[in-house]
J.: 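Got a structure for you, questions after.
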Amino acid sequence: SVNDVSGHWAQSVISKWQNEGRVGGYQDGTFLPDRAITRAEFIRLLNNTATTTFTSDTQMHFSDVKQQDWYYNDIAKAVSGNVTKGFEDGTFRPNNAISRAEFVTLANKAFGYNTQASISFSDVRPQYWAYAEIQKGVAAGYIKGDSVGTFRPGAAVTRQEAAVMMAQIKKLQTNANASTSYTDYNAIANWAKPYVGAVSSAKVMQGFPNGAFRPQTSMTRAEAVTALENAIFAPVNNNNTNNNTNNNTNINNSTNNNTNNSTNNNNNNTNNNSANYTLEDTSLRGRTINGDLIISSSLNSKDVTLNNV
């Protein structure tokens with residue numbers, strides 16, 4: 001167990017994931033829940049939650065990734081599956097903050113997005129390693145470029161960007177009014193406000209004890225674990241109406257670490273509404289469904305595990 005999550009807003013989810021073997025702490029017994037999520041850590045999380053398992057590992061020769069490192073096998077699997085790559089100087093930089101291109105690539109793998117759209121971002125050339133994955137993310141509708149035609153693939157993922165992507169992936173109902181309660185509402189980009197409200201209403205992501213959302217700080221380890229947990233079990237809104245007419249996602253590249261605790265409440269995974277539920281993942285646990293359980297066609301012939309449903 002880890003010794004620094006007692007009383008943390010994400011304690012129950014972190015403990016749950018730790019007990020399930022999906023996430024672990026550091027050698028000194030800490031979890032550091034408010035540290036920015038790194039490349040290696042995000043790969044491990046998605047490797048443990050993705051509906052599509054990363055392929056078998058391969059031999060790697062990154063100067064900063066050793067066989068004895070805890071993330072070696074995860075990175076090897078992701079590299080061999082062409083999910084991620086290293087840098088031209090021969091490093092992988094496992095402790096760097098997760099970038100937009102990396103988030104998109106891993107999200108596509110986790111949620112099974114394969115359809116590609118035509119893109120023309122000035123900073124993403126066809127030979128770029130994540131070009132096809134960015135096409136998939138754009139086609140899926142959860143990621144876009146900015147008002148000057150760039151994508152900024154190397155920028156760190158901020159909380160407001162994560163909110164947009166999570167809301168789009170889960171097809172949550174946009175709700176700009178729900179974001180007005182945050183004390184830093186004016187700091188939230190206009191394009192992100194409907195989605196910040198959406199993830200807040202769905203309890204996929206929420207704010208901090210001082211009432212702020214901190215939209216431009218980097219996504220932390222605790223936030224990534226909680227957002228993935230809530231996104232996995234959040235119902236898909238098949239009647240989503242998106243009233244946001246701004247098709248550009250203007251990105252602020254912030255690499256600040258979030259050092260304060262958040263007030264994100266754990267989703268109780270109980271649907272009390274009389275509505276159908278569309279399952280888009282291969283497992284579902286601890287949910288009450290008052291309508292019909294619909295298996296998404298995206299699962300094709302995959303095995304589905306239901307536990308206490």
Side-chain angles (χ1 to χ4, degrees), residues 8-14 16-17 33-34 36-37 45 98 100 103 107 111 141-144 156-246 249-252 254 256 258-273 275 277 280 287:
H8 192 274
W9 61 266
Q11 178 182 354
S12 61
V13 180
I14 293 171
K16 176 177 180 288
W17 277 43
D34 298 311
I37 187 85
L45 287 180
I98 191 78
R100 284 169 47 82
F103 188 103
F111 293 98
Y142 69 85
I143 191 71
K144 296 175 183 176
V157 174
T158 63
R159 281 174 49 81
Q160 66 182 1
E161 291 169 355
V164 172
M165 289 187 275
M166 288 295 182
Q168 295 278 27
I169 286 172
K170 299 307 295 182
K171 299 180 174 63
L172 300 178
Q173 177 71 48
T174 54
N175 186 354
N177 289 334
S179 63
T180 60
S181 61
Y182 290 117
T183 57
D184 55 351
Y185 170 77
N186 291 330
I188 303 173
N190 288 333
W191 50 263
K193 288 174 181 175
Y195 302 101
V196 170
V199 296
S200 299
S201 297
K203 292 182 169 49
V204 172
M205 293 177 66
Q206 290 195 42
F208 295 85
N210 65 355
F213 185 79
R214 297 185 180 172
Q216 297 176 25
T217 59
S218 298
M219 194 176 200
T220 68
R221 284 164 51 82
E223 290 164 352
V225 169
T226 303
L228 285 171
E229 165 77 5
N230 292 338
I232 288 170
F233 293 109
V236 176
N237 183 357
N238 291 318
N239 296 314
N240 180 39
T241 301
N242 186 347
N243 296 319
N244 182 18
T245 58
N246 182 1
T249 301
N250 189 11
I251 302 149
N252 290 313
S254 171
N256 294 329
N258 178 7
T259 58
N260 291 313
N261 293 340
S262 169
T263 58
N264 189 343
N265 297 321
N266 189 27
N267 190 350
N268 61 13
N269 294 330
T270 301
N271 182 2
N272 293 319
N273 297 323
Y277 181 91
E280 292 194 341
R287 179 177 288 277

J.: Could I get the full list of side-chain contact (heavy atoms from CB on, under 4.5 Å) partners for Ala212, not counting sequence neighbours?
T.: Thr183, Asp184, Asn210, Arg214

J.: Which pair of non-hydrogen atoms, one from Met165 and one from Ile143, has the smallest distance, and what is that distance?
T.: SD-CD1, 3.7 Å

J.: Does the Gln168 side chain pair with the main chain of Gly141, one donor and one acceptor, at a distance under 3.5 Å?
T.: yes

J.: Looking at Thr158, is its backbone amide N or carbonyl O close enough to the side chain of Glu161 to form a donor-acceptor pair, meaning the two atoms are under 3.5 Å apart?
T.: yes

J.: Identify the heavy atoms of Gln173 and Ala198 that sit nearest to each other, and give their distance.
T.: O-CB, 3.2 Å

J.: Apply side-chain contact (heavy atoms from CB on, under 4.5 Å) to Ala222 and list each qualifying residue two or more places apart in sequence or on a separate chain.
T.: His8, Trp9, Ala10, Ile14, Pro33, Thr220

J.: Does the side chain of Trp191 come within less than 4.5 Å of Lys144's, by heavy atoms?
T.: no

J.: Taking all atoms of both residues into account, what is the closest heavy-atom pair of Ala156 and Ser218, and its distance?
T.: CB-OG, 4.1 Å

J.: Among all residues two or more places apart in sequence or in another chain, which pass the side-chain contact (heavy atoms from CB on, under 4.5 Å) test with Ala163?
T.: Val196, Val199, Met205, Phe213

J.: With rounding to the nearest 0.5 angstrom, report the CZ to CD distance, Arg159 to Gln206.
T.: 10.0 Å

J.: Yes or no on side-chain contact (heavy atoms from CB on, under 4.5 Å) for Tyr185 and Lys193, after CA distance, side-chain angles and deciding distance?
T.: CA-CA 8 Å; Tyr185 170 77; Lys193 288 174 181 175; 3.5 Å; yes

J.: Testing Pro194, Ser201, Ser200 for side-chain contact (heavy atoms from CB on, under 4.5 Å) with Asn175, which one passes?
T.: Ser201

J.: Any side-chain donor-acceptor pair under 3.5 Å between Tyr195 and Ser179?
T.: no

J.: With a 4.5 Å heavy-atom cut-off, do Tyr142 and Val164 have their side chains touching?
T.: no

